Amino acid sequence: MTLKTSSKTKSTQGFIFRNRLWLISLFTLISFLSYVVFFWFSVYDHGYQPDASDVGYARRLAGQLRTTVTFWLSYQSFSTIIACIYGFMLGVTSFNYLYKSKTVDFYFSMPKMKMAYFCEVCVNSVLIYTIVSTASYFVSTLIAKAVGAPVDGALLGVIVDGYLANFFLFLSVYAICILAQTLCGHTFIAIMLSGYFLVIELAIRGTIGSLASVCFQTADLYGRYFLGHNILPVLTSPLYNIFTAQGASLYVKDALIAAVAFVLAYISYKHYKGEFAGKAVVYKGVRYLVKISLSCLAAIWIAYFFLSLSEQVIYSTAGMVFALLGALLGAAIISGISEIVFAFDIRAMFKRFWQIPMFAAAGLILIFSFSFDWYGYDSFVPDAKKVEDCAMAISGGEANSQYIINGDTFENSYATAYAEEYMHLPYTKEMQEIAATGMERRTAYKNSLMDFRGNPTSETEIDYCNYDYDVIIMYRMKNGKTYRRRITVPCDMNKGTLNAVLGSDEYKQVSFTLNTMDELRNMTDGYNCLEFYDSINKDISDESLDAFFAAYQKDLQHWNFSVATDDFILGEVYYTKRKLLSASEMAALAYGEYYEYMMDENEAIQFQQGFPVYESFTNTIAYLEENGLYSTYMVKLPAVEDIAYLEIQKDDITFISDGAWNWGDGESEQFYISDPEEIEETLGTLVPSIGKTYTYHWHNTSGYDPRYSVYIYLYGNDDICYERSFLKEKVPNVVEQYSTNAY
């Protein structure tokens, strides 16, 4: 580059900077408020405290500060929102001179190639963002350091990674917005088209995900699965990447989107003419793209809105009529608005009115294709040759557990995510049979609901007559894709088939969370405690804890579906990691510093893991007995002379037929039994509580009577009660006689 050329470039950049001084000032103000003022208040709230000299307390504060800094400066955080805002504002203001004939003629008549000026404007925008964002990150990091945040290599890595990811996100958003600018002749339309380009892919994916969730019985969609990430990679939307991409792939995807948008923007800019100024959208192809996509989406949305408003289903004649009316209305509204906007004339609303039935038909065809499952979604069982392995978990969790996924701990609802991360089941013929049978049972409920639509009694029967298992299954394909399905495994399915899968080490080690127990134990300091069912907590050594896990692993070797369904669960062993809090840590409780801990005086439960104990787990029971954790009351109920009274609660539940229960809305009934003879009669019919076994690993609760809960109180020990249940059709007469409710 010659000195003369360099001088011209600097001169041009200075000219552009002066014209955008208001924008630079606005960004500076936003950054000052966000990254200095608000950031200061946020980190200071978790920063210096007068009594922070305690080592444990200081470590806790450091963790809080790390979390706060990460929230502000990492990717998928507050700074990501700022990057999108800056990209959008710089994008829609970069070439706004294109919208007036005089300014277009002036800029295009300058003795400078279009390519050069286009690049200089883009470079100027990138410089503005880079300067403002770099300064913001730098100042925020200094503030974090000043209030005591551990700005070590790990946190700096998070900050740098967040900065780079947000930079590429800014580039892609900016490139899409300048592409929209070069396709328009009006500022307002350019802003709207920018928004369209940014969200249209999310809208399409979200619509398809919603249809799948509503129409497919076996759909289990959330997050990236809801947005169809495993079916089709990102095409146009950097915002979509925020929900799905991670690591280096994030930079690559956003960089590719930015590169394609920059090239298309330059091509459009190069062919831009002065007479385009004042038009809404310059090219017919873009107008058709916008009109067709939005009209079809509107047809789908309004059709389903009419269906939900009228409480009809698409399968009925009335439902089809409402869907047709909604689709026509949605297509007509968006089609008319599009024509008005494109022509800047309200009289153009009915222009090309003949296209409306086409848009409505396209929307209805998509609805019908999902409603009647033209894709075979609800019967999808992949070919064994195409499957790498799979994972399976009961929906809603297993025992009372915490899950560690990639170093982070999660509560019970993450059982499925835990299985997807760690479970690798071979795709055997038994697994295929479970999947196929589960798909059939799941879709059978869909057909039954269609038949019973509008019949409350029959619908109740369907909801409560089965004790099958709601299961999530995930297939990992050899081509890298993953597929999730929600299936219903029948409780009367062949036990040999289920035993072959559930009895495998690959399933049990993950399902009972034993594969990550060592990692979870070592995550925090403190001491070990064990508690069994109604027993008290007992501190145990690491060696004793190892002995417990060895005994439990030995019993687990013979666990399978037959054990889970045939054996009673005697209770659950709770393994907890506890920590005594210092005075300063206790003082911090007022500020919510230990908000995730369950408190017991000055003890904090750092995590808790539950392990169900079946009556056949002899090694575990022996360990509990040797360590004073096993009460004979777990199996042998207390003697009649030790019992003060029985408290019995009966809920408003009515037996229908063939295992079906109707859960009413009446109040529960409570009564007491204190006569020794009546207590003795009742004790002989009690079994371990259904409440203690409700969600455990494939445990079958169909034999229990869900109406009754029994609580046993001993003389002089009202603070402790023993909970029990009745088996179906085994409720003693004395209990039925005490009940006054008419069922």
Side-chain angles (χ1 to χ4, degrees), residues 24 27-28 30-47 58-59 61-91 122-176 224 234 237-259 261-262 405-408:
I24 298 172
F27 286 174
T28 303
I30 293 174
S31 295
F32 175 77
L33 291 175
S34 301
Y35 292 100
V36 178
V37 178
F38 299 150
F39 182 81
W40 167 264
F41 283 120
S42 182
V43 296
Y44 184 78
D45 184 54
H46 296 102
R59 185 168 61 249
L61 290 179
Q64 288 290 332
L65 280 167
R66 183 186 297 275
T67 301
T68 305
V69 173
T70 300
F71 168 78
W72 282 84
L73 302 181
S74 67
Y75 188 63
Q76 297 175 323
S77 67
F78 180 80
S79 58
T80 301
I81 300 174
I82 296 295
C84 291
I85 293 173
Y86 286 177
F88 186 84
M89 293 183 67
L90 284 167
C122 293
V123 168
N124 178 266
S125 300
V126 174
L127 284 174
I128 291 175
Y129 174 80
T130 303
I131 294 171
V132 173
S133 62
T134 301
S136 301
Y137 269 70
F138 180 72
V139 172
S140 294
T141 304
L142 290 180
I143 293 174
K145 183 68 175 175
V147 297
V151 186
D152 51 15
L155 187 59
L156 283 175
V158 171
I159 294 173
V160 172
D161 181 71
Y163 178 83
L164 291 175
N166 288 327
F167 173 77
F168 284 105
L169 173 65
F170 158 80
L171 274 186
S172 55
V173 171
Y174 174 74
I176 287 173
R224 59 196 184 117
V234 60
S237 176
L239 303 184
Y240 172 69
N241 277 338
I242 297 175
F243 299 100
T244 59
Q246 294 179 347
S249 64
L250 174 66
Y251 309 151
V252 174
K253 290 179 179 179
D254 279 344
L256 286 175
I257 292 174
F262 273 125
I405 304 175
N406 295 323
D408 295 321

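The shown structure was predicted, so the numbers you read here are calculated from the model rather than taken from an experiment.
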Inset, instruction - Return the minimal non-hydrogen interatomic distance between Tyr174 and Ser125, and the atom names on each side. - result: OH-OG, 2.9 Å

Inset, instruction - Find out whether Asp161 and Ser74 are in side-chain contact, i.e. whether some heavy atom of one side chain is under 4.5 Å from a heavy atom of the other. - result: no

Inset, instruction - Walk me through it: do Ile128 and Tyr86 pass the test side chain to side chain contact (heavy atoms under 4.5 Å, CB included)? - result: CA-CA 9 Å; Ile128 291 175; Tyr86 286 177; over 6 Å; no

Legend entry - For Ser34, side chain to side chain donor-acceptor pair (under 3.5 Å) partners two or more places apart: none

Legend entry - Partners meeting side chain to side chain contact (heavy atoms under 4.5 Å, CB included) with Leu256 (sequence neighbours left out): Val252

Legend entry - Set of residues satisfying side chain to side chain contact (heavy atoms under 4.5 Å, CB included) with respect to Ile85, sequence neighbours excluded: Ile81, Met89

Inset, instruction - Taking ring pair (Phe, Tyr, Trp, His ring centres under 6.0 Å) as the test, write out the residues that go with Phe168, two or more places apart. - result: Tyr251

Legend entry - For Asn166 against Leu73, the heavy-atom pair lying closest together: ND2-O, 4.4 Å

Inset, instruction - Give the intermediate values and the outcome of side chain to side chain contact (heavy atoms under 4.5 Å, CB included) for residues Trp72 and Ser79. - result: CA-CA 6 Å; Trp72 282 84; Ser79 58; over 6 Å; no

Legend entry - Test side chain to side chain contact (heavy atoms under 4.5 Å, CB included) applied to Phe32 - qualifying residues, sequence neighbours left out: Val36, Val37

Inset, instruction - Determine yes or no for a side-chain-to-main-chain donor-acceptor pair under 3.5 angstrom, with Thr80 supplying the side chain and Ser77 the backbone. - result: yes

Inset, instruction - Applying side chain to side chain donor-acceptor pair (under 3.5 Å), name anything that partners Thr141, two or more places apart in sequence or on another chain. - result: none

Inset, instruction - Identify, with sequence neighbours excluded, every residue that meets ring pair (Phe, Tyr, Trp, His ring centres under 6.0 Å) alongside Phe71. - result: none

Inset, instruction - Could you tell me the separation between the OG1 atom of Thr70 and the OH atom of Tyr75, rounded to the nearest 0.5 Å? - result: 16.0 Å

Inset, instruction - List for me each residue that meets ring pair (Phe, Tyr, Trp, His ring centres under 6.0 Å) alongside Phe88, sequence neighbours excluded, and say none if there are none. - result: none

Inset, instruction - Return the set of residues passing side chain to side chain donor-acceptor pair (under 3.5 Å) with Tyr35 (not counting sequence neighbours), or none when no residue passes. - result: none

Legend entry - Residue pairs fulfilling ring pair (Phe, Tyr, Trp, His ring centres under 6.0 Å) with at least one residue in residues 139-165, sequence neighbours excluded: Tyr137-Tyr163

Legend entry - For Tyr129, all residues meeting ring pair (Phe, Tyr, Trp, His ring centres under 6.0 Å), sequence neighbours excluded: Phe170

Inset, instruction - Kindly compute the distance separating CD1 (Ile82) from OG (Ser136), expressed to the nearest 0.5 Å. - result: 8.5 Å

Inset, instruction - Rounded to the nearest 0.5 Å, what's the gap from CG on Leu164 to CD1 on Ile159? Could you check? - result: 12.0 Å

Legend entry - Sequence-distant partners of Ser172, side chain to side chain contact (heavy atoms under 4.5 Å, CB included), two or more places apart: Leu169, Pro238, Asp254, Ile257, Ala258

